[in-house]
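Some notes on the structure that comes next.
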Amino acid sequence: MGRKKNGLELYLHIPFCIKKCDYCDFLSGPSTRAGQESYIYALLREIEAVSKLEKRPVDTVFIGGGTPSVPECDVMEKLLQGLQENFRFSPDAEITIEANPGTLTPQKLALYRKYGINRISIGLQSPKDEELKMLGRIHNYEQFLESYQMARAAGFSNLNIDLMFAIPGQSYEGWIENLRMVAELGPEHISAYSLIVEEGTPFSRRKLDLPDEDTEYRMYEDVAKVLGEYGYHQYEISNYAKENRECRHNEGYWQRKDYLGLGLGAASLTGNVRFTNTTDMQEYLEKSGTPELMRKDREFLTQEDEMAEFMFLGLRMTDGVSKTEFQEYFGTAVEKIYGEVLDKYKRQGMLVEKDDRIFLSRTGILVSNAVMADFLL
Ligand code: SF4
């Protein structure tokens, strides 16, 4: 069975935040400078070990977290140097770092530029201070604007802003106003996710005044239309970009390109094997130099698993999946495997087939979870 030939995607996890936001269940938390240093050294040991076995050029890097803009310049420089020394990069590699307002400085931005970082994803969530406070964010809108302008002044011409909707107390009108405020700034990319109340977070223990389902549905439904007025197109369920500014790294996930996740709890897919690094910091610090010892949950995907992933990840993107690619990967026609499901959703107007592609219709996107679940074999 063939797979799409491609360079490599790297994800680097930086698990530090100034303080936990009240809705967050990501693997991250406050840290000391000494803790950051030992973690970055451990990450460098993992980088050295895995890069010895990896000859492909790196097409995209995503430094995520946590808040990768927390570590000071000297600590971060060691990591960025290590990356450059150990991997070979494609000439047009997309290298993204996530940053939070209140942690960026001109010095950090200059350092990122020096090491080839060419995209910044800024976690704003809301341009209203009362909403930011309620979410437990560390920053206000003014600090975000400072960070945004600082990034522009440092020469970054590819910026994403993360926004959140369906947050407690938010009305439909309030959300649309947030969207417009941010779109008017003109970032190249906007990600818009609804709040999910995760078990174990402070939000899960609080009585929250959440918008009802109908309002949440309308909030989502109108994002594409509103952002369309500002020159953005939706290219994935939660992602909107100006022309040619789609996030290539994330597109790689949805196209099932190989990626290596480095750092605490980071997940990887190589060939038909998925695995995840340990989420135990002590274990990571001790074993990162011998990655085999700290990788968990190794899963060998069967052809059926791969077909299902091909479909439900591919259908996240508005241009969906290619029938020819399916045939090339799996040596069989997509209709032969999924004929019934495809017919059912085409009849219901949820899926569209046009030329070589199968994709979700506008209605299909709005109920995408239900449609995708049907592709599990
Ligand atoms: S900044 Fe992001 S990763 Fe950190 S606690 Fe908040 S939501 Fe979680």
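Remember, it's 1-based here, ligands and their atoms both numbered in the order they're listed.
- Side chain to side chain, D25 and T201 fail the donor-acceptor criterion of an N or O pair below 3.5 Å.
- Between H233 and Y235, the angle of the ring planes lies from 30° to 60°, which puts this pair in the tilted group.
- With 2.8 Å as the limit, C17 does not count as an N, O or S neighbour of atom 8 (Fe) of ligand 1.
- In summary, the atoms of ligand 1 found under 4.0 Å from a heavy atom of C21, numbered by their order in the structure, are 1 (S), 5 (S), 6 (Fe), 7 (S).
- Defined by atom type and a distance below 3.5 Å, a donor-acceptor pair is missing between the side-chain atoms of T270 and D258.
- Protein heavy atom nearest atom 1 (S) of ligand 1, with residue, atom name and distance: N100 ND2, 3.1 Å.
- Within the listing of ligand 1, atoms 3 (S), 5 (S), 7 (S), 8 (Fe) sit less than 4.0 angstrom from a heavy atom of C24.
- Close approach of ligand 1 to F26 (heavy-atom distance below 4.0 Å) involves ligand atoms 3 (S), 8 (Fe).
- Hydrophobic clustering, with ILVMFWY side chains joined whenever heavy atoms are under 4.5 angstrom apart, keeps I167 apart from V223.
- Checking Y11, Y253, F62, F275 one by one against Y259, the ring-ring contact (aromatic ring centres under 6.0 Å, His included) holds for a single residue, Y253.
- For the pair F375/M307, no side-chain contact is recorded, criterion being any heavy-atom separation below 4.5 Å from C-beta on.
- Assignment of G123 to the shell around ligand 1 is not supported, since no heavy atom sits closer than 4.0 Å.
- Remark: ligand 1 atoms within the under-4.0 Å shell around heavy atoms of R137 are 1 (S), 6 (Fe), 7 (S).
- Contact atoms of ligand 1 toward Y23: 7 (S) (distance under 4.0 Å to a heavy atom of the residue).
- Those atoms of ligand 1 with a heavy atom of T67 less than 4.0 angstrom away are 1 (S), 4 (Fe).
- Checking Y284 against E46 by side-chain atom types alone, a donor-acceptor pair falls below 3.5 Å.
- Protein heavy atom at the shortest distance from atom 3 (S) of ligand 1 is G66 N, 3.4 Å.
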